[in-house]
Amino acid sequence: MYFRIIRNDIKKSKIIYIIMTLFVAAAAMLVSLAAVLIINLTGSIETLMKTAETPHFLQMHSGAIDTNRLEEFAQRNENAEEFQIIIFLNIDGAQIVLGDNSLAKNIQDNGFCTQSSSFDYVLDLEGNIINASDGELYVPICYMKDGTTKVGDRALICGKEFTVVGFLRDSQMNSTLAFSKRFIISETDFSALKSSGSIEYLIEFRLNDLSKLSAFETAYTSAGLEANGPTVTYPLFKMINALTDGMMIGVILLVSLLIVAVAFMCIRFTLLAKIEDDYREIGVMKAIGLRVSDIKRIYLAKYAAIAASGCVLGYALSFIFKGMLLENIRLYMGESGSATFASLLGIVGILLVFLAVTVFVNSVLRRFKSLSAAEAVRFGTTQEKVSGARHLTLSKNRLFNTNVFLGVKDVLSKKRLYVTMLAVLVISTFIIVVPQNLYSTISSKDFIKYMGVGECDIRLDIQQADDLPGKAVEISNAMDKDSSISKNVVLTTKAFKLIADDGTAAGMKIELGDHSIFPVNYSGGSAPVKADEIALSALNAKELGKKVGDSVRLVIGGSEKSLTVCGIYSDITNGGKTAKAVFSDESADTMWCLICAKLSDESLVDNKVLEYAEIFDYAKVSDVNEYILQTFGSTVASVKKASVAATAAALIISALITVLFMRMLIAKDRGSVAAMKALGFRGSDITVQYISRSAFVLIASIIVGTVLSNTLGELLAGAVISSFGTSSFSFIINPLNAYLVCPLLIICAVLAATFLGASGAGKTKISEYIKE
Amino acid sequence: MKKIIVGENMEKAFGEDAEKVKVLNGVSIEIYEGEFVSVMGPSGSGKSSLMFALSGMDSIDGGKVVYGGKELSGLKENELADLRRSEMGFVFQQPTLLKNLNILDNIILPSVRGNRRKGTKITEKAKALMQKTSISELETRGITQVSGGQLQRAGICRALMNDPKIIFGDEPTGALNSKSANEIMDIFSEINTDGTAVMLVTHDAKVAARTERIMFMLDGKIVSEMRLPKYDRTDVDVRIKKITEKMREIGI
C-alpha cells in the first residue's frame, strides 16, 4: 500500500520531486567525490614520495662546499641514514629552448641534474626511475601541462641539442609553488653543460626516524655546515604537493556542505507544505486510531525513496566526474595505491547522505505527535501562530500598494515557512560573493604583500657573484640616476647566529635594509625602523615561540645583542623562514641581494626589465607582475574558474528553489487565491503579491548574505589562504562586483524564476477551489 | 423592474467525452433589480455551477450570460474581475477569509485592491457594516479566533463593501447551527429590503422560504419555479410546507 501512496503522490507533483531528487543527487555526488579525492590525493602523494624516496632534509647551497666535512657529519650523526649531494646546474631561461618556445620569461629557477644514485629519484610518468641516455632530455611535467613542449621536440640548451624523450615527476619540485624545476640529462651531457651555468648544491639527508627531524635540523645548523640557501624539510614537500589539488578538494567540500544544507532546506519545506496539505487526512488517521508511527512511516517511505534514488544517481554521476578531477592528481603524482579504499569511502559518503536525509525527515515528522486530531478535522489546517506581524494591518497601511502589503504580510506571518527560502538565498549569495571576493583578493596587486614580497614593479636578484654588496650599490646608483624609476631599495640577506632561549645556537637569515619603502603585510606589529628591532616571518615566529614585544638574542659582529620583535609577517619565499631588520653590519657575509624598484610609469616595465638585464647580466631581473602571474597564475585562474562555476551553480540553485517554492506556495494557497479572485482581484494582482513575497525575502537574503560573506566568509577564505603560509587575511573587495553585479545577478535569477513559478497563480479556476 | 442578469440557454459540461456530465443543460434565467431569489436542488443538480456561470467566475460551453447589457463571454479576465469587485458580492458556505489577515482587514480587502487606501472612509464603512451585523468587537481578531456564525457575518460585510447590485450566496448557512443560520438569513432579508438583489443557492427549504422566487433544478435544468409573497415571520411554516410539497411533486 505504501508503494501505491508514494507512486500516486510523486506522479501528482513530478517537478517538485525531480528537483528534490536532483539536490540529493548533487549532495551525494559531491560528498562521495570529496571522499574519493582526499583518499586518492593522499595516496598518490604517499606513493610518489615513497617511490622517489624524497629527502627528509634538504639544504640548498651556493658557493664553496666542503664535501668531506659534510660526509663526516653524516657519518657521525646518529639520525642520518643516507646522505648525498646533488649538483643542480642553474641555467638562464633564455638559454633553454624547448621546441619553439624559449623559457626566457620564465621565473622558475630551471636547473639540470643527473638522476641521483641513492635516493631522491626523479620518476617518469609511469612511476619508473628515469635513466637518461646521451642526448635525451626529461622535462618537468609543468611544461607539458602549460603546453610549452611535447615528446619528440628538439631542445636547445646553451647551444647543445637534445631531444625531449619524456616528462618527469619530481617529488620535490612538481608544484608551480616550488620555485625551482629540474631537468634530467645523462652524465656525459651534464659534464658538457657544466661550464654554461652556475652551480647550486642540494645537500640531502634521509633520516632513520622522521620524528627526529627537528633535532637533526638543530644539529645541522649548530655544526655550522654549508647553509647559503633555503632549507626545506619533508613535511613542507608534502604540503606543497598537496596544495593545488587540496584547495580544489576544499572548495568541493565547502560546496558539498552547502548543497547538503540546501537539499535539507528543500526537504523541510516540501515536507511542511505536504503536511499542511494533508492536515485533515492526518487528523482523520489519528482519529480512527492509527498510531503516529504508522502515519510517519508513509511519509518516511516516500522521502527514503527520494533519498535512495538521489544517492544512486549521485554515485553514478560521481563516477563520471571522478576521472576528470583525478586527472590532475594522476598526472602530477601518479596512481594512488588505495583506489579500492577510495571507492569504498565514496560509498560510505553516499550512505551517510542517505542516512542524514532519513534522520532529518524523521525529526521534521516529530510534529505529528503534537497534532490535535480534533483541530485538524475541524479547521483542516494548522493553527499557525501568526507571530510578529499582527500590528501590521491593512486598515492602517498607508505606505504600500495593497498587493505589495499582502505579499510582505504573508512573509512576516509565516516566518517558519519563508525562513527556508531565506536560508537558501543567503547560502547562494554566500557561494557567489565569497569566491568572487577571494578572486579579487588574490588577483589584486596588493596580495603579493601577504606572500612576503613588497609591492614593486621590478626586482633584481643577485645571488652568485663576487662582491655582492658592491654590485648591489652599482645597480642602486644606476637606478637613482634613472628618471623613470621613482624609488628603489637594496635588501641584503645575511646569516647570523641566533641564541635560543635554552642557550643553543641556530642560524638565521636576516634581510637588512629599509623595509618601509616596499612594505609587506604585517599580521601583527609593524616593519622594523630602529636598529634594535627585528620582524619575523610567521613560520619563524611560530618555531621560536616569539610574539611582538618579545626579544631575540643574535650574535652580530662577534658580540651578542638583544633585538625586540617589532612585527610578524607572512612569507612563502625562501622556505618561509625569514626575518627583517634595519641594523647595519659589516661582519657577516652577504648571501644574496635583492633590489626592488618602482617605476614612475608602469607601462615601461617590459623595456626596463630588458634594459637592466642587459646592463647587469649577473643579476636575475624579473617583472613582478610576471613573477606573480607565474607563481600564482594557475591558482588565480582556478579560483576564477571556481568563482564562475560557483556563481552559475548558485544562480541555478536559487532559480530552481524559487520555482519550487512558488509552485508549492501556490498549491498551498489555491483556496485563498480563488477567494481573492472571486472578490475581484485580477490575475496580475496575484502575481504582484507573489513577486512581493519573493522580493522581500530576496532583499533580506542579499543583505544577510553579503554581511555573512564579508565576515564568516573572510574567516573561511583566510583559512584557505593560510595554507600558503600567510597568517592574517582580509578581503580586497571589488565593490562594483560585490555590491552591484552579484546582487543584481541573484535578483534577476530569482525574480525571473518567481515570474515563471507564479505565473500560474493568477490562472487558478475559482470554481474548482471554492468548494461547498 | 429592470433585469440585472440574463442567462440564455446556458450549457456546461465536465469530464471527458464518454463520461461527460452536463451540469447545465440549456438553462435560461432572468434576475431583476432588488429581487430575492433562490435556487434549490439536490447535490449535483447544477445549482452552484449556475451561480459560477452567472457571476462570470466560470465560463460556459454554450448559450450566453448578459450582465447590465454586456455579454460576459465578450469580457476579458480583468474586466470580469473588475465587474465582480464593483457590482457583485459573494458569500460562500466555507468562510473564504484569508488566514493571515484579521477580521477588519479581511472585510476591507476588496475595497483596497491595487490602491492605497483612500483616507479612513473605507475603514469607517467596514466598521458600520460590522456594527450592523453585530460583530463590532471582533475587528482585530484572527479568523481562527471567532465562531462559524461570526465568520459568515464577516463574509457578508466583505460582500457589501463595494455596494454591490447583487449578492450571491452559495449555501451561506450550510455550515451553521439553526440559530446562527436564522440570524444570517435575517441579515440577508435586511440587505434585500435595502434594495440589493440577492440570489441564494441552497438545498434547505428554511432558507428558500425567506425568498420570493424559488427555482428548482434537477440534472442541469430548471424544472419548476414558484413565487411567494414578501416574507413575514408569521407565515414561515406555511411557506416551508408549500416548498416541500413542490419538491415532492417534482421528485427532489
Side-chain angles (χ1 to χ4, degrees), chain A residues 276 375 378-387 389-414 417 668-669 671-686 688-689 762-772, chain B residues 43 48-49 51-53 55-59 77-90 92-102 104-117 120 122-123 126-127 139-140 142 144-145 158-159 161-162 168 170-171 174-175 201:
Chain A
E276 195 143 317
E375 213 174 60
R378 186 171 161 229
F379 294 107
T381 59
T382 35
Q383 300 306 299
E384 285 169 73
K385 283 193 190 88
V386 180
S387 51
R390 296 209 56 175
H391 54 277
L392 210 64
T393 59
L394 194 52
S395 54
K396 294 200 185 81
N397 166 43
R398 300 271 188 285
L399 210 58
F400 298 112
N401 163 296
T402 301
N403 290 319
V404 175
F405 175 87
L406 287 173
V408 172
K409 167 115 186 173
D410 195 72
V411 174
L412 289 177
S413 56
K414 294 178 194 157
L417 202 61
K668 234 167 79 68
D669 292 347
S672 5
V673 171
M676 274 191 275
K677 284 195 79 182
L679 297 177
F681 276 77
R682 295 174 171 194
S684 58
D685 292 330
I686 310 290
V688 171
Q689 288 178 22
K763 294 192 188 97
T764 305
K765 277 194 119 184
I766 305 166
S767 54
E768 277 172 34
Y769 293 97
I770 294 195
K771 300 251 169 69
E772 288 163 46
Chain B
S43 295
S48 289
S49 299
M51 191 195 86
F52 285 130
S55 59
M57 280 201 263
D58 213 348
S59 57
E77 269 295 312
N78 285 344
E79 291 171 318
L80 284 171
D82 295 347
L83 181 71
R84 280 199 297 276
R85 194 174 64 250
S86 53
E87 312 255 312
M88 303 171 181
F90 296 91
F92 300 100
Q93 176 180 2
Q94 290 293 342
T96 51
L97 304 190
L98 302 191
K99 249 189 286 177
N100 65 339
L101 295 183
N102 65 27
L104 177 64
D105 281 359
N106 260 298
I107 292 172
I108 64 173
L109 191 58
S111 308
V112 294
R113 184 220 75 102
N115 306 311
R116 233 166 271 184
R117 277 186 70 268
T120 50
I122 294 173
T123 317
K127 285 182 177 169
E139 270 182 30
T140 59
T144 53
Q145 298 166 316
R158 184 178 68 179
M161 274 305 286
N162 288 342
F168 293 97
D170 190 0
E171 303 276 14
V201 166

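In what follows, every chain begins at residue 1, and chains take the letters A, B, ... in the order their sequences are listed.
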Derivation of the side chain to side chain contact (heavy atoms under 4.5 Å, CB included) call for B:Thr140 and A:Thr393: CA-CA 9 Å; B:Thr140 59; A:Thr393 59; over 6 Å; no
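- Nearest heavy atoms, A:Ala678 versus B:Phe92: CB-CZ, 3.9 Å.
- Shown here for B:Leu109 and A:Met676, the closest heavy-atom pair between the two residues is CD2-CG, 4.2 Å.
- By number of non-hydrogen pairs under 4.5 angstrom with chain A, the leading residue of B:Asn162, B:Asp105, B:Leu97 is B:Asp105.
- With rounding to the nearest 0.5 angstrom, the OG1 atom of A:Thr402 is 8.0 Å from the CD1 atom of B:Ile108.
- Of the atoms belonging to B:Leu104, it is side-chain heavy atoms, and not backbone ones, that fall under 4.5 Å from chain A.
- Interatomic distance, CG of B:Leu80 versus NZ of A:Lys677, reported as 9.5 Å (0.5 Å rounding).
- To the nearest 0.5 Å, atom CG of residue B:Asn78 and atom CG of residue A:Asp685 are 8.0 Å apart.
- Shortest non-hydrogen contact noted between B:Ala81 and A:Arg682 is CB-CG, 3.9 Å.
- Put simply, CG on A:Leu412 and CG on B:Asn100 are 10.0 Å apart, with the number rounded to the nearest 0.5 Å.
- For the pair B:Thr96 and A:Leu679, the minimum side-chain heavy-atom distance is 4.5 Å or more.
- By the side-chain contact (heavy atoms from CB on, under 4.5 Å) test, B:Ser49 pairs with B:Phe14, B:Val23, B:Leu24, sequence neighbours left out.
- Taking each heavy atom of A:Ser672 and B:Leu98 in turn, the nearest pair found is CB-CD2, 3.2 Å.
- For B:Glu79, the salt bridge (charged side-chain N to carboxylate O under 4.0 Å, His left out) criterion is met by no residue, not counting sequence neighbours.
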